[in-house]
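Heads up: the structure comes next, in structure tokens.
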Amino acid sequence: MDVTTALGFARERNKGVLTTIRRDGRPQLSNVMYAVDDAGRPQVSVTSDRAKTRNLLRDARVCLHVTDDSFWQYVVLDGTAVVGEPALDPRDAATDGLVEYYRRLQGEHPDWGDYRAAMVRDSRRLVTIEVGTAYGMLR
């Protein structure tokens, strides 16, 4: 399957399973919400203390598995993760990136000041997936 087709399928959805690699080589799977940016890269918001974040900082290989509501159509986006810096200040570039991510995913937030403060409090980071290959089953 070509990456463009797989990304088209993924753009129509926002929930998937992110697979990272544990220190011992076994997969670690997490249900996530994601948004695809204008460059066609899936993005996920993570906290600095989560297993998936630690795994990605150690080994950037990642897969995002996305299904449709019937469960039988799916794509797997296989790529390399770029883990952004943690949000340290409500006005820093990391927090600005998380605001753009939220807008792509949910639209406007009712209180951007509260959202920005939460991103700092939670030590949130934006993970961007550079997709290299894709596979799956589409009808």
Side-chain angles (χ1 to χ4, degrees):
M1 169 180 302
D2 68 84
V3 171
T4 302
T5 299
L7 282 169
F9 180 84
R11 277 185 194 280
E12 297 172 7
R13 289 146 185 85
N14 64 9
K15 295 178 184 125
V17 178
L18 187 74
T19 305
T20 62
I21 302 169
R22 295 178 185 168
R23 187 177 308 279
D24 66 5
R26 293 182 303 136
Q28 190 268 332
L29 288 79
S30 300
N31 290 351
V32 297
M33 294 188 72
Y34 69 88
V36 179
D37 72 7
D38 293 338
R41 302 171 305 183
Q43 294 183 310
V44 177
S45 171
V46 300
T47 57
S48 294
D49 64 346
R50 299 290 167 121
K52 65 181 156 281
T53 307
R54 290 189 308 270
N55 291 343
L56 290 171
L57 288 170
R58 187 185 64 260
D59 186 334
R61 293 177 292 170
V62 66
C63 291
L64 179 65
H65 179 266
V66 179
T67 65
D68 72 351
D69 290 338
S70 78
F71 183 71
W72 299 112
Q73 290 192 94
Y74 71 95
V75 298
V76 178
L77 303 169
D78 191 8
T80 303
V82 176
V83 181
E85 293 298 317
L88 299 175
D89 180 278
R91 291 175 214 77
D92 66 16
T95 306
D96 289 345
L98 289 158
V99 165
E100 290 308 310
Y101 161 81
Y102 184 96
R103 282 186 169 132
R104 280 191 298 281
L105 189 62
Q106 304 280 354
E108 292 300 315
H109 192 279
D111 185 341
W112 284 115
D114 183 57
Y115 176 84
R116 286 174 175 276
M119 297 302 97
V120 173
R121 185 175 54 251
D122 294 347
S123 189
R124 288 257 167 203
R125 297 170 178 247
L126 193 60
V127 173
T128 302
I129 302 171
E130 299 287 348
V131 179
T133 60
Y135 61 93
M137 173 82 69
L138 298 177
R139 294 182 206 153

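Values in this document were obtained by computation on a predicted structure and should not be read as measured data. The analysis underlying the following values was restricted to heavy atoms, covering all of them including side chains, and did not include hydrogens, waters or symmetry mates.
Evaluation of the salt bridge (Lys or Arg N to Asp or Glu O under 4.0 Å) rule for R61 yields D59 as partners, not counting sequence neighbours. Contacts of L88 classified as side chain to side chain contact (heavy atoms under 4.5 Å, CB included), with partners at least two apart in sequence or in another chain: P86, D92. For D96, the salt bridge (Lys or Arg N to Asp or Glu O under 4.0 Å) partners two or more places apart in sequence, or in a different chain, are R116. The salt bridge (Lys or Arg N to Asp or Glu O under 4.0 Å) check on D89 picks up R91, with sequence neighbours excluded. Residues that satisfy the salt bridge (Lys or Arg N to Asp or Glu O under 4.0 Å) test with E108, not counting sequence neighbours, are R103.
There is a path of hydrophobic side-chain contacts, each under 4.5 Å, that joins L7 to V32. V3 is connected to L18 through a chain of hydrophobic side-chain contacts under 4.5 Å among Ile, Leu, Val, Met, Phe, Trp and Tyr, so both are in one cluster. Put simply, M33 and V99 are part of the same group of oily side chains (I, L, V, M, F, W, Y) that touch within less than 4.5 Å, one to the next. When hydrophobic clusters are built by joining Ile, Leu, Val, Met, Phe, Trp and Tyr residues whose side-chain heavy atoms come closer than 4.5 Å, directly or via intermediates, M1 is grouped together with V66. L105 and M119 fall within the same hydrophobic cluster, where Ile, Leu, Val, Met, Phe, Trp and Tyr residues are linked whenever their side-chain heavy atoms come under 4.5 Å apart, directly or through other members.
Chaining together hydrophobic side chains whose heavy atoms lie under 4.5 Å apart places W72 alongside F71. L29 shares a hydrophobic cluster with V17; the chain of contacts runs through ILVMFWY side chains whose heavy atoms sit under 4.5 Å apart. Summarising the hydrophobic clusters (Ile, Leu, Val, Met, Phe, Trp, Tyr; side-chain heavy atoms under 4.5 Å, direct or chained), the residues clustered with M137 are Y74, V76, Y135.
Pairs passing the salt bridge (Lys or Arg N to Asp or Glu O under 4.0 Å) check and including a residue from residues 35-58, sequence neighbours excluded, read D37-R41, R41-E130. Sorted pairs that involve residues 73-84 and meet salt bridge (Lys or Arg N to Asp or Glu O under 4.0 Å), not counting sequence neighbours, are lacking altogether. Sorted by first and then second residue, the pairs that involve residues 113-132 and meet ring pair (Phe, Tyr, Trp, His ring centres under 6.0 Å), not counting sequence neighbours, are Y102-Y115, H109-Y115, W112-Y115. For the ring pair (Phe, Tyr, Trp, His ring centres under 6.0 Å) condition, no pair includes a residue of residues 10-63, sequence neighbours left out.
A donor-acceptor contact shorter than 3.5 Å is absent between the side chain of S123 and the backbone of S48. Proximity of a side-chain donor or acceptor of R125 to a complementary backbone N or O of V46 within less than 3.5 Å is not detected.
The shortest distance between side-chain heavy atoms of N31 and K15 does not fall below 4.5 Å. Counting heavy atoms from C-beta on, the side chains of V83 and V127 come closer than 4.5 Å.
Once rounded to the nearest 0.5 Å, the distance linking CD of E85 with CG of L126 reads 12.0 Å. The structure places CG of L64 at 5.0 Å from CD1 of I129, a figure rounded to the nearest 0.5 Å. A distance of 4.5 Å separates CD in Q43 from CZ in R104, rounded to the nearest 0.5 Å.
The environment of CZ in R23 is sparse: at most 12 heavy-atom neighbours from other residues, nucleotides or ligands sit within 6.0 Å.
For the residue pair L98 and A87, the shortest heavy atom distance occurs at CD1-CB, 4.1 Å. Across all their heavy atoms, S30 and Q28 have their closest contact at OG-NE2, 3.2 Å. Of all the heavy atoms in V120 and P90, the pair that sits closest is CG2-N, 3.5 Å. In plain terms, the two heavy atoms of D68 and S70 that are nearest each other are OD1-OG, 2.8 Å. For the pair R124 and S45, the tightest heavy-atom approach, listed with the atom from each and the gap, is CD-OG, 3.0 Å. Smallest separation of non-hydrogen atoms from V62 and A81: CG1-N, 3.8 Å.
Under 4.0 Å is where a charged nitrogen must lie from a carboxylate oxygen, and between R26 and D24 at least one such pair does.
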